[in-house]
Amino acid sequence: MTPSALRPSISSLFLLTISLFSIVSTALKFDIAAQQRGHRQRCIRNFVAKDTLVVVTATVSGVKGDGQQVNIHIRDAVGNEYGRPKDVVGEARMAFTPHADSAFDVCFENNIADGRHAGLTRSVELDVDIGADARDWSAIQAAEKLKPVEIELRRIEEVVSEIVNQMEYLRTREQKLRDTNESTNERVKYFALAIMATLVGLGGWQVVYLRAYFRSGLDKNVKCVDLGIWN
């Protein structure tokens with residue numbers, strides 16, 4: 001099979017792989033037990049680039065007034081806060097755009113209310129969509145009157161663009177780390193040379209000082225012998 005015949009197959013395989021990755025659900029299901037206020041939160045962390053759309057969808061089981069209160073707190077590693085809904089029951093959707101390239105946490109806490117005893121739990125289903133997955137493609141298709149194939153190709157195009165941007169970001173970070181490593185090596189080299197020069201200079205000074213010291217002591221002894229006061 002010639003290389004030209006392989007190209008369509010490789011392209012189709014690449015598009016199919018992108019589609020499969022985009023179809024896979026990123027939902028996370030877990031139970032969170034009710035505890036006294038002030039206990040440690042349960043957090044899920046993701047990394048996102050600056051100015052990238054993020055949609056967080058949380059579905060919490062239970063009903064209000066059952067002695068539990070589930071609170072959600074969304075914040076990034078830089079210190080920015082993007083949402084803090086309280087007493088969440090059912091589906092809660094929060095959308096935000098990060099102000100910097102950093103990791104962000106979606107934290108949950110289940111507080112005991114009304115003096116109830118421990119042992120109560122709530123089920124949480126969390127879905128975090130980032131970038132192209134966070135956009136409402138149905139609304140875009142209706143607004144621009146696009147065909148299903150066109151909207152799918154457009155979505156895949158945005159996914160590929162995000163992958164390229166991510167690779168470029170990783171390349172830039174690798175270049176910065178390499179430059180930092182080379183700069184550190186240069187500084188260590190010059191620091192080692194400076195230490196060696198200092199040690200050599202200190203050793204030479206000690207030799208000169210000791211020679212001068214013993215020479216002065218020898219001259220004093222010779223003078224004492226000449227004067228006849230040597231015991």
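- Note: Asn71 CG to Arg84 CZ = 8.5 Å, rounded to the nearest 0.5 Å.
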Checklist entry - Run the side chain to side chain contact (heavy atoms under 4.5 Å, CB included) check on Leu126 and Ile44 step by step: do they pass? => result CA-CA 9 Å; Leu126 177 65; Ile44 291 87; 4.1 Å; yes

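- Side chain of Asp76 to backbone of Ala103: no donor-acceptor contact under 3.5 angstrom is found.
- Taking every heavy atom of both residues into account, Gly67 and Leu120 meet most closely at O-CD1, 4.3 Å.
- Every side-chain contact (heavy atoms from CB on, under 4.5 Å) that Thr52 has, sequence neighbours left out, goes to Val48, Ala49, Ile130.
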Item to check | Criterion side chain to side chain contact (heavy atoms under 4.5 Å, CB included) on Ile74 and Val56, from CA distance to verdict | outcome: CA-CA 9 Å; Ile74 303 176; Val56 177; 4.2 Å; yes

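- The heavy-atom pair separating Thr121 from Ala33 by the smallest distance is CG2-CA, 3.8 Å.
- Residues Val106 and Met94 share a hydrophobic cluster, clusters being chains of Ile/Leu/Val/Met/Phe/Trp/Tyr side chains in contact below 4.5 Å.
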Checklist entry - Run the side chain to side chain contact (heavy atoms under 4.5 Å, CB included) check on Phe108 and Asn110 step by step: do they pass? => result CA-CA 7 Å; Phe108 296 85; Asn110 188 4; over 6 Å; no

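- Under the 4.0 Å criterion applied to side-chain N and carboxylate O atoms, Asp105 and Arg45 are assigned as salt-bridge partners.
- A donor-acceptor pair shorter than 3.5 Å cannot be found between the side chains of Asn111 and Gln69.
- At most 12 heavy atoms of other shown residues, nucleotides or ligands fall within 6.0 angstrom of atom CD in Glu157.
- With rounding to the nearest 0.5 angstrom, the CZ atom of Arg75 is 7.5 Å from the CD atom of Glu81.
- Under the 4.5 Å side-chain criterion, counting only non-hydrogen atoms from C-beta, Asn80 is not in contact with Pro98.
- Counted by atom type alone, Ser123 and Asp31 present one or more donor-acceptor pairs between their side chains at under 3.5 Å.
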Checklist entry - Under the side chain to side chain contact (heavy atoms under 4.5 Å, CB included) criterion, do Cys43 and His73 qualify, and how do the steps go? => result CA-CA 9 Å; Cys43 299; His73 186 194; over 6 Å; no

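- In this structure a side-chain-to-backbone donor-acceptor pair under 3.5 Å is missing from Gln166 to Ile163.
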Item to check | Evaluation steps, salt bridge (charged side-chain N to carboxylate O under 4.0 Å, His left out), between Arg171 and Glu174 | outcome: CA-CA 5 Å; Arg171 187 191 66 81; Glu174 189 274 335; over 6 Å; no

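- A donor-acceptor distance shorter than 3.5 angstrom exists from the side chain of Arg122 to the backbone of Ser61, with no hydrogens or angles considered.
- For Thr198 (side chain) and Ala194 (main-chain N/O), a donor-acceptor pair under 3.5 Å exists by modelled atom type.
- Looking at Thr180, its side chain does come within 3.5 Å of a backbone N or O of Lys176 through a donor-acceptor pair.
- Taken together through direct or relayed side-chain contacts under 4.5 Å among Ile, Leu, Val, Met, Phe, Trp and Tyr, Ile32 and Val128 form part of one hydrophobic cluster.
- Side-chain atoms of Arg42 and Phe30, non-hydrogen and from C-beta on, do get closer than 4.5 Å to each other.
- Note that NZ of Lys145 is 14.0 Å distant from NZ of Lys147, once rounded to the nearest 0.5 Å.
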Checklist entry - Could you walk me through whether Arg135 and Glu158 pass the salt bridge (charged side-chain N to carboxylate O under 4.0 Å, His left out) check? => result CA-CA 10 Å; Arg135 301 189 63 181; Glu158 289 214 12; 2.3 Å; yes

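- Phe214 and Tyr209 fall within a single hydrophobic cluster, where Ile, Leu, Val, Met, Phe, Trp and Tyr are joined by side-chain heavy atoms under 4.5 Å apart, directly or via other members.
- Leu28 and Val60 fall within the same hydrophobic cluster, defined by Ile, Leu, Val, Met, Phe, Trp and Tyr side-chain heavy atoms under 4.5 Å apart, directly or through other members.
- The two residues Ala77 and Ser102 have their closest heavy-atom pair at N-OG, 4.3 Å.
- For Arg155 and Glu152, the salt-bridge test passes: some basic side-chain N is under 4.0 Å from an acidic carboxylate O.
- Between Tyr169 and Asp101, some side-chain heavy-atom pair lies under the 4.5 Å cut-off.
- Among all heavy-atom pairs drawn from Asp87 and Lys64, the shortest one is O-CE, 3.4 Å.
- Cluster membership for Ile112 and Val89, using ILVMFWY side-chain heavy atoms within less than 4.5 angstrom, is not shared.
- By the side-chain contact (heavy atoms from CB on, under 4.5 Å) test, Leu177 is found to be paired with no residue, residues two or more places apart in sequence or in another chain being considered.
- Atoms NZ and OG1, on Lys189 and Thr184 in that order, are 13.0 Å from each other to the nearest 0.5 Å.
- Taking Glu182 as the reference, nothing meets the side chain to side chain donor-acceptor pair (under 3.5 Å) condition, with sequence neighbours excluded.
- The neighbour count for Arg211 CZ, taken as heavy atoms of other residues, nucleotides or ligands under 6.0 Å away, does not exceed 12.
- Taking the centre of each ring, Phe104 and His99 stay at or above the 6.0 Å mark.
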